[in-house]
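Values below: every heavy atom of this structure, side chains too, minus hydrogens, waters and symmetry copies.
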Amino acid sequence: MKSMLLALCLVLPVSAFAKPDAAIDADAAFTAIHEKEWSWRKRQYGSDPDEPDFSRRARLPDVDAASQAARLDVWEDVLLQLDAIDVDALSPEQRINYRIYRPQIEDLAANQRLRTYEMPFNSDSSFWSSLGFMVNRPFTSEDDYRLYIARLADVPRHFDQQIANMRAGLARGFSVPRAVLDGRDVSIAMVAEAKEAEATSFWKPLTHMPKNIPEARQKQLQDEARDAIEKKLVPAFASLLTFFREEYIPNARTTLAAEDMPDGVAFYRQQIREYTTLDLDPEAIHQIGLREVARIQAEMAEIIRELGFEGDFAAFLEFLRTDPQFYAKTPEELLMRAAWISKRVDAVIGKYVTLPRARFTIVPVPADIAPFWTAGRGGNGTYWLNTYNLPARPLYNLPALTLHESDPGHAMQGALAKEQGEQPAFRRESYISAYGEGWGLYCEKLGKEMGIYETPYEDFGRLTYEMWRAARLVIDTGVHHKGWSRDQALAYLRDRTALSEHEVTTEVDRYISWPAQALSYKLGEIRIVELRAEAEKALGDKFDIRAFHDAVLRQGSVPLPVLDDLVREYISEAGRQHGK
């Protein structure tokens with residue numbers, strides 16, 4: 001062996017044994033940091049229903065204060081390790097990764113310092129309702145069922161930790177406002193008051209079991225699942241319901257503004273940074289919203305004039321909210337109309353984007369969460385459409401909703417992100433709200449170019465959805481920074497959109513209980529529209545809409561400042577290719 005090494009030394013140049021250059025060293029150090037942390041993070045949050053490994057876990061995550069403090073220690077240590085990286089020495093690809101990864105860790109650490117885990121729900125989503133999504137995971141083997149049953153049996157421990165956190169939040173005035181809590185216990189009660197396992201949504205995986213599991217084993221698994229549901233899960237929901245009704249609601253804060261809570265100003269600014277990826281002052285966001293509202297209002301008025309409607313804006317909104325022609329008669333009709341819109345998109349979408357391999361299905365929102373859920377939500381493989389309260393689901397809004405949630409919106413964008421195999425997992429499997437929601441809202445506008453809106457009413461629905469997102473900038477900052485009342489917020493949204501009264505209420509309550517998240521949509525869309533205008537101006541008749549969209553989408557989910565730089569690189573490269 002020694003003679004072979006000596007021979008190699010004689011034939012290879014000295015440079016072959018030289019120390020790797022700084023870029024390789026820096027890249028390797030950064031890769032080691034993010035790969036180790038991401039692997040640890042996935043183990044910590046194994047209950048995320050979007051995580052590929054979720055079905056392989058028998059235990060729900062620990063969320064107690066000690067575990068939360070330990071997580072903060074890890075992320076603060078990661079930040080120190082990132083500080084030691086010479087960013088200028090990173091390769092161009094890794095420099096982009098660093099600019100995406102570091103804000104992730106900063107946000108995670110900031111939320112731990114602010115103890116946001118003490119308020120683990122809002123009027124849109126909650127830890128208890130999220131458990132329901134695990135029934136939709138694939139069940140193909142006996143082991144899948146055994147792990148599922150183990151998770152069901154682990155619910156009491158997990159809920160006890162969440163209740164302890166919420167008690168700590170209540171004690172320091174850090175809670176969801178009392179004003180939006182009425183009726184929020186319905187999704188808890190549907191499980192807590194079930195008389196038998198089969199009456200809960202958690203029984204669904206046991207109704208049709210794979211034939212590769214012998215019948216006797218199926219019966220045994222059903223008995224074990226029934227025991228876990230009736231003796232563990234249902235009592236845990238009952239305890240949560242008692243806590244919610246007897247402790248949380250009576251002691252929840254009576255203020256609305258995020259800035260009124262302990263460390264509220266810092267909390268609201270951090271939420272703005274996390275959800276928008278921008279360091280914007282609340283007052284600046286409020287003014288952006290007012291300008292957008294005025295612009296969209298003028299476009300709405302033009303459609304009303306074109307229709308020849310006799311009456312003012314308020315009368316037109318009343319007409320849209322009450323005329324039966326605009327509403328589905330059955331949940332199936334609403335689902336089928338959404339599917340038809342999706343298929344019409346399929347006919348032209350290839351002209352606008354390079355398509356992913358993955359496709360999606362359309363399903364109704366689960367009944368236990370539908371009353372307070374948004375109109376729809378899209379993700380990898382699924383477009384959830386809310387069929388609850390059909391008089392609140394106007395058909396004129398459906399094209400915009402479908403474009404946003406399915407293709408070319410969230411379902412497609414998420415699928416494309418996962419298919420970027422050369423990117424690290426923390427990019428492929430993460431979601432940045434300003435980018436993702438900004439793209440979704442941009443897709444609603446893109447639908448006009450694609451020919452998806454067939455009537456002036458549907459185009460008005462598109463503008464209603466854009467107004468909805470612009471009004472969010474005004475309402476969110478109005479409530480959390482300017483001290484608006486709930487009635488002020490309701491009136492502002494009601495008077496400017498054709499959203500139903502049910503949607504107006506659920507949306508405003510969402511903004512009140514989930515500060516800053518609603519800011520991401522319009523601010524993200526504005527940035528994408530601005531970048532497209534920049535590309536069109538720079539490239540002139542050489543501008544290629546599909547190439548522009550691919551430049552936006554192939555990066556996965558990125559902060560808006562990073563998107564700026566990446567799209568400008570595309571513009572510069574495209575200009576060189578075309579001699580511009």
Q: Between Q162 and W128, is any side-chain donor less than 3.5 angstrom from a side-chain acceptor?
A: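 No pair is found: no donor N or O on one side chain lies under 3.5 Å from an acceptor on the other.
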Q: How long is the straight-line distance from OG of S126 back to CG of D185, given to the nearest 0.5 Å?
A: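 It comes to 11.5 Å.
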Q: Residues two or more places apart in sequence or in another chain: which of them pass side-chain hydrogen bond (donor to acceptor under 3.5 Å, both in side chains) with E530?
A: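 None.
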Q: For Y117 and D64, run side-chain hydrogen bond (donor to acceptor under 3.5 Å, both in side chains): C-alpha distance rounded to whole Å, both residues' side-chain angles, the deciding distance at 0.1 Å, then the answer.
A: CA-CA 9 Å; Y117 55 83; D64 59 286; over 6 Å; no
Q: Excluding sequence neighbours, so at least two apart, what forms side-chain hydrogen bond (donor to acceptor under 3.5 Å, both in side chains) with D564?
A: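 Residues passing side-chain hydrogen bond (donor to acceptor under 3.5 Å, both in side chains) with D564: R527.
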Q: So does L170 get a backbone contact from the side chain of S175, meaning a donor-acceptor N/O pair under 3.5 Å?
A: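 Looks like no, no N/O pair under 3.5 Å.
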Q: Restricting to side-chain contact (heavy atoms from CB on, under 4.5 Å), what partner residues turn up for N389, sequence neighbours left out?
A: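 Here the qualifying residues are P391, A392, H502.
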Q: What's the shortest heavy-atom distance between H480 and Y511, and which atoms?
A: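 In terms of heavy atoms, the two residues are closest at NE2-O, 2.8 Å.
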Q: Under 3.5 Å, is there a donor-acceptor pair linking the side chains of T477 and E283?
A: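 No, because no side-chain N or O of T477 sits under 3.5 Å from a partner of the opposite role on E283.
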Q: With sequence neighbours left out, write down each residue that passes salt bridge (Lys or Arg N to Asp or Glu O under 4.0 Å) with R291, or none if nothing qualifies.
A: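 In terms of salt bridge (Lys or Arg N to Asp or Glu O under 4.0 Å), with neighbours along the sequence ignored, R291 is linked to no residue.
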Q: Does a donor on one side chain and an acceptor on the other come within less than 3.5 Å for E274 and N111?
A: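 Note: E274 and N111 side chains meet the donor-acceptor criterion.
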Q: For D509, give me all partners under side-chain hydrogen bond (donor to acceptor under 3.5 Å, both in side chains), at least two apart in sequence or on another chain.
A: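 By the side-chain hydrogen bond (donor to acceptor under 3.5 Å, both in side chains) rule, D509 matches R184, R486.
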Q: Applying salt bridge (Lys or Arg N to Asp or Glu O under 4.0 Å), can you list everything that pairs with R321, at least two apart in sequence or on another chain?
A: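 R321 satisfies salt bridge (Lys or Arg N to Asp or Glu O under 4.0 Å) with no residue once adjacent residues are dropped.
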Q: Regarding R41 and Q44, do their side chains bring together a donor and an acceptor under 3.5 Å, going by distance alone?
A: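 No donor-acceptor contact under 3.5 Å links the two side chains.
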Q: If you look only at pairs with a residue in residues 168-179, which of them pass as a salt bridge (charged side-chain N to carboxylate O under 4.0 Å, His left out), with sequence neighbours excluded?
A: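 For residues 168-179, and leaving out neighbouring residues, the salt bridge (charged side-chain N to carboxylate O under 4.0 Å, His left out) pairs sorted by first residue read E118-R172, R178-D182.
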Q: Report all side-chain donor-acceptor pairs from residues 259-267 shorter than 3.5 Å, counting only partners two or more places apart or in another chain.
A:
| from | atom 1 | to | atom 2 | distance (Å) |
| --- | --- | --- | --- | --- |
| E259 | OE1 | H481 | ND1 | 3.3 |
| E259 | OE2 | H481 | ND1 | 2.9 |

Q: Taking only residues two or more places apart in sequence, or in another chain, which ones meet R273 in a salt bridge (Lys or Arg N to Asp or Glu O under 4.0 Å)?
A: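 Scan of R273 (salt bridge (Lys or Arg N to Asp or Glu O under 4.0 Å), adjacent residues dropped) gives D279.
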Q: Is E466 salt-bridged to R469, cutoff N-O under 4.0 Å?
A: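 No, this pair does not count.
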Q: Is a salt bridge present between E437 and K522, judged by a nitrogen-to-oxygen distance below 4.0 Å?
A: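 No, no charged N to carboxylate O under 4.0 Å.
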Q: Do side-chain atoms of T497 reach the backbone of L499 as a donor and acceptor pair under 3.5 angstrom?
A: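 Flag set: sc T497 to bb L499 pair under 3.5 Å.
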Q: Check side-chain hydrogen bond (donor to acceptor under 3.5 Å, both in side chains) between E76 and all other residues, then give those that pass, not counting sequence neighbours.
A: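 Residues passing side-chain hydrogen bond (donor to acceptor under 3.5 Å, both in side chains) with E76: R113.
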Q: Is the number of heavy atoms from other residues, nucleotides or ligands within 6.0 Å of NZ (K448) greater than 12?
A: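 No, because the 6.0 Å sphere around NZ of K448 holds 12 heavy atoms or fewer from other groups.
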Q: For residues 549-558, which residue pairs pass the side chain to side chain donor-acceptor pair (under 3.5 Å) check, not counting sequence neighbours?
A: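 Only T354-D550, R427-Q555, Y442-H549 qualify under side chain to side chain donor-acceptor pair (under 3.5 Å).
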Q: Please name all residues satisfying salt bridge (Lys or Arg N to Asp or Glu O under 4.0 Å) with D124, sequence neighbours left out, ordered by chain then number.
A: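 Only R377 meet the salt bridge (Lys or Arg N to Asp or Glu O under 4.0 Å) criterion with D124.
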Q: Where the side chain of W439 meets the backbone of P408, is there a donor-acceptor pair that is under 3.5 Å apart?
A: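 Yes; at least one donor-acceptor contact below 3.5 Å.
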